[in-house]
Structures are given as structure tokens and as C-alpha cells.
Amino acid sequence: MSEITDEIKVREEKLRNLKEAGIEPYPYSYDLKENISDIVKKYREKSEEELEKEEIETSTAGRIIAKRIMGGASFFHITNGKDKLQLYLKKNIVGNERYKLFKTFDLGDFVGVKGKLFKTRTGELTLVVEDFKFLSKCLLPLPEKWHGLQDKELRFRQRYLDLFINPESREIFEKRFKMIREIRRFLDSRDYIEVETPMMQPIPGGAIAKPFITHHNALNIDLYLRIAPELYLKRLLVGGFERVYEINRNFRNEGISSQHNPEFTMLEFYQAYSDFEDLIKLTEELFEYLINKGIASEKVNFEGNEIKLSPPFQKLDFIEAIAKYSPLSKEDILNKEKLIAHAVGLAGEDNLVPTYGKALDYVFDEYVKDNLIQPTFILNHPEEISPLSKPHRKMPGRTERFELFMAKMELANGFSELNDPDIQLQRFKEQVKDREAGDEEAHLIDYDYIKALQYGMPPAAGEGIGIDRLTMVITGTRSIKEVILFPLLKPKS
RNA sequence: GGCCCGUUAGCUCAGCUGGUAGAGCAUCUGACUCUUAAUCAGAGGGUCGCAGGUUCGAUCCCUGCACGGGUCACCA
């Protein structure tokens, strides 16, 4: 991929020179006392006098990212990707030969250094190098120091460069993974247990989406990469696990956009003896928790809008939401033929399968979604678009379901779980009709799941939260590719 | 998939109505023992995304393709 430039030749030459000088360019380890971040954290606030008095001797290691070479003394910066530390190298401390050697190290090389800490005239914490060890060679030239790596394609294809060149990028991912850690702690402290369920499923279920297909040779069967873990997690409720969650990948064979990656991370959790109202409360508590832990801010700026992440969040009935933001009346929306006609009129005949479910989805997305900037629970979805939710105890034709929207995105989806096997089978059969009407994504009948329900599933509520989108909101990022370490890109030939 | 934009040195970017390319950083050589976008003096580095076309002549105009970005459609 990379052509050999003069600079690469020089770096390769330097590598050879190291070997010839008897210096191992790829040693096995370095016995460092503290990492760069610890040093910066512990000693940054100390005064020049304190440092001088305490004579703090330490050793650390990192990648060289800046060189300022002078005749008899030079300055370098090394980084661990997060923090950087200035090094001061003096000829009369390390000796002429070693000084000359260090000067040949390139930007990107790893070094281990040992010495005392002091502050320069300008007040920067600096390590006077007394001894050093070469730790690894960087053979390719690095991006530029002022602007970093700007090219989005390179940033995604060579994320490792992005991570140690662009601190903002590094921060997004640190935040993401700390958030996931806190979510685990939040659920663990509520007696949840984290489980793993199949990624490869004979019948893809639990969501409405096109799956990836793969093949198992020994069994000679096609399998589907899961589009959701839902039906397996609910089998665990049948099996006696009362509180379970899974944080893992789902795969959907659909378009790639600023909000969609073919594989994405989902938190799904199920809680026995609870209903959708309980999970609405739990969801608000989770946001509160993430704010208290310093993961999320109370307010976040997203595309110029200030989003208030601290609960409580507003609530809006699904049908009323459409009535509010569209020219349609409640009666229009509940009238199936009329709504289908309206949706088909909007979308064009070729673009919409004429089922009530598809029409509902379509008008909701068309009229409502872009208005949902502040966190909003959309409630009580119609049965036609909620094949796995329990019928609403007060509203006929509706289900006990909620979706949490913010920043024009769906972040969470939860409901009281349908545990009546007869109704569930009936709903699956209605999905089959939709499939016959041309809806390729309608749910398939999973008889094995029905069988599990026939053994009895306790009343329960479950919810899925999109981890990538949650990261986007918390970090104020517009593109899902910015929050996925290695987003899917077309391979470059 | 449609439309719009981008692709020029390792990186970040200029490049006028078409006359075979420039800067900064990085690299190399030299000077410099508190620099921090270090400084000073010099040097090297390019199949202008790919393939065609128009033209005496194309980085520039046209067509196609590739990859990326944005947007719409699709997608819970």
C-alpha cells in the first residue's frame, strides 16, 4: 500500500544502524515506574522549588511526538496517546555518544526514559533524561503535528493513527468504554447478571431487519447473524434468570449512513415481574447515574441544539405524536386504509409496502422523528408494529411499549414483554401476512420460542439501548463512524 | 441506489480564462546547552485517484470508473 519514499528509506537505514550498533530495536520490555499520565497527574501542580527539593526520580515510556534539537541539549515530547511529557536531554548528562544516538530517534519511535523531574523556565513539567532505552521503531512517517490527521478516510482506515495523533478522537473512545463499564456497574448493582446468547441463529428474530446469512459446513445449514438477542434473553426468563442483560453486537444487512453501521452494539436487558413503566423509570435512573459518574453532562450540544440529558424526560403518546406533528388527525391515523393511502401517497407506490405497520412507521419517521431533539419517551405503540410487546391494559389495539428518542434518533426501545404464547403465535402469523404482502423484514415464526413461552415466562419488561447512538449523544458526535473504532468501509483494492 | 462535493509531496492545504506544480509541517545537511508551532542557513521529495476523450498542449475542460464525505431514499 505504501510507496517507499526517501523518508522511509532513512528510517529503515536508522533501524539497520541500531542493529549494527548492537542495540535491539524491538526489545521485550521496559521496567517503568509510572506511565506518562500518572506522572503528569501527580507532579504537574508541584512548584519548581518543591520538585527541586524532592528530587523525584522516575522512569516512564512512550512514543516520541516532537523534537527540538539543539547543539548540546534538546527537548522532546513523548506521549501515551492521552498525555504528553517533555524530555530534556543534555550532552553532559547522558554523554556525547548517547546524546547523538537519541537525536537520531524518529517521530513515532518508542523510548523508555529514566531521570528526575523539574520545571522549565516556562513552567512545564519536564524529565531530565539520565538513561534511556530504545523500545520500538516507527518505520513510516507520521501525520503533521499542527492539524493532526484530518482525512476522514485515513482516520477510519488507520484508526490507530487517529487515536494517538488526535486526542479528541481518543477521548471519544475512552468515554465510550468508560460509559459501558458504568452501565455494567449500574445493572450489576441492581442484581442483573450479564449473559451471552447466540450470535448465529437459525431464525433471526427480535427485531425487524434484514439479516446477514452464513453457512455452517458440518451441519450443512444456513445460519443468520443475529439482528437482536431478544428471543434468547427471554428464553432465559423462562429458565429462571430474573434479571439479565447482554452488551454485544447486532448485525443488520442494510444501508450504511451517519447513523447506521452494519454491526452495532446493543445493550438489552430483561427484568422479571416488572412492566414498561418500571423500565421507563430505570432508563431515567441510568441517565441520572451516568451524569453523576461524570460520564454524561447534564446538557450536551448536538448540532447546535442544547440537549438536556438530566431526567425526567417528556412523554408523548405514539398516535398523538403523529397527530401533533402531521396534518393528520387521530382518526385519520387510526383509520388503516386512510393511513396506508396517505403514506403511499407520500412515499410513492414503489417505495412502500402497503401494510398498516409500514404506514405507521413511515408517517412517524416522516413527521415526528426530526422534532424529537430533547429526550422524549414515545409511548403505547400500535400492535401492528410491536409484535413482541404485551397488549396495553387500558388502550385496545396498542401495546405497553416505549421508545426513547433524542437528537432525532431512536436510542432505546422497551416494553412489557408479551408472554401469552397464543397471542404471540397470532402476532407472528400476522407478520407472515405482512411478509406475503411484500414486507421482507416482517418477523418469521419462531416455534421454538413459542414452545418456551408455553412453559410459562414470568411477567417481565425488557429494553434495548443503542450503545453507539448513546455515545454519539453523550459526546455530541454527528457520525456513528466517529464512535465505532473500526467502522465498516469498502476495502480499497 | 439518486444528487452534490472531494481526491495535488509522508501530513495539512494553495494552484487564476488550459502552457508539464507551490507553501507550511515532516525528512536530510550544517549552526545552536531552557526549547515548546524552537530558531537560523541550505537540500531532496510529485505518474496532480485511475482510464479514456477534446486540444499543438490537460492538475485545470468532457466522459466513465474507484474510494471517501454530505444529503435524500432505504433502514426501527
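We name chains A, B, ... by the order of the sequence lines, and we start the count at 1 in each one.
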Listed nucleotide nearest any side-chain atom of [X], set [options]:
{"X": "A:E144", "options": "B:C11, B:U35, B:U71", "result": "B:C11"}
{"X": "A:E366", "options": "B:A73, B:G45, B:U33", "result": "B:A73"}
{"X": "A:T5", "options": "B:U35, B:C13, B:G10", "result": "B:G10"}
{"X": "A:D151", "options": "B:U35, B:U12, B:G69", "result": "B:U12"}
{"X": "A:L149", "options": "B:C11, B:C34, B:G69", "result": "B:C11"}

Under 4.0 Å between a side-chain N or O of [X] and OP1 or OP2 of [N]?
{"X": "A:K145", "N": "B:U27", "value": "no"}
{"X": "A:R68", "N": "B:U35", "value": "no"}
{"X": "A:K152", "N": "B:G69", "value": "no"}

Students often get this wrong, so: under 4.0 angstrom with heavy atoms, is [X] touching a base, only sugar-phosphate, or nothing?
{"X": "A:A66", "answer": "nothing"}
{"X": "A:E124", "answer": "base"}
{"X": "A:Y362", "answer": "sugar-phosphate"}
{"X": "A:R157", "answer": "sugar-phosphate"}
{"X": "A:K481", "answer": "sugar-phosphate"}

>> In whole Å, I'd like the distance from the CD1 atom of A:I8 to the P atom of B:C28.
In response: 13 Å
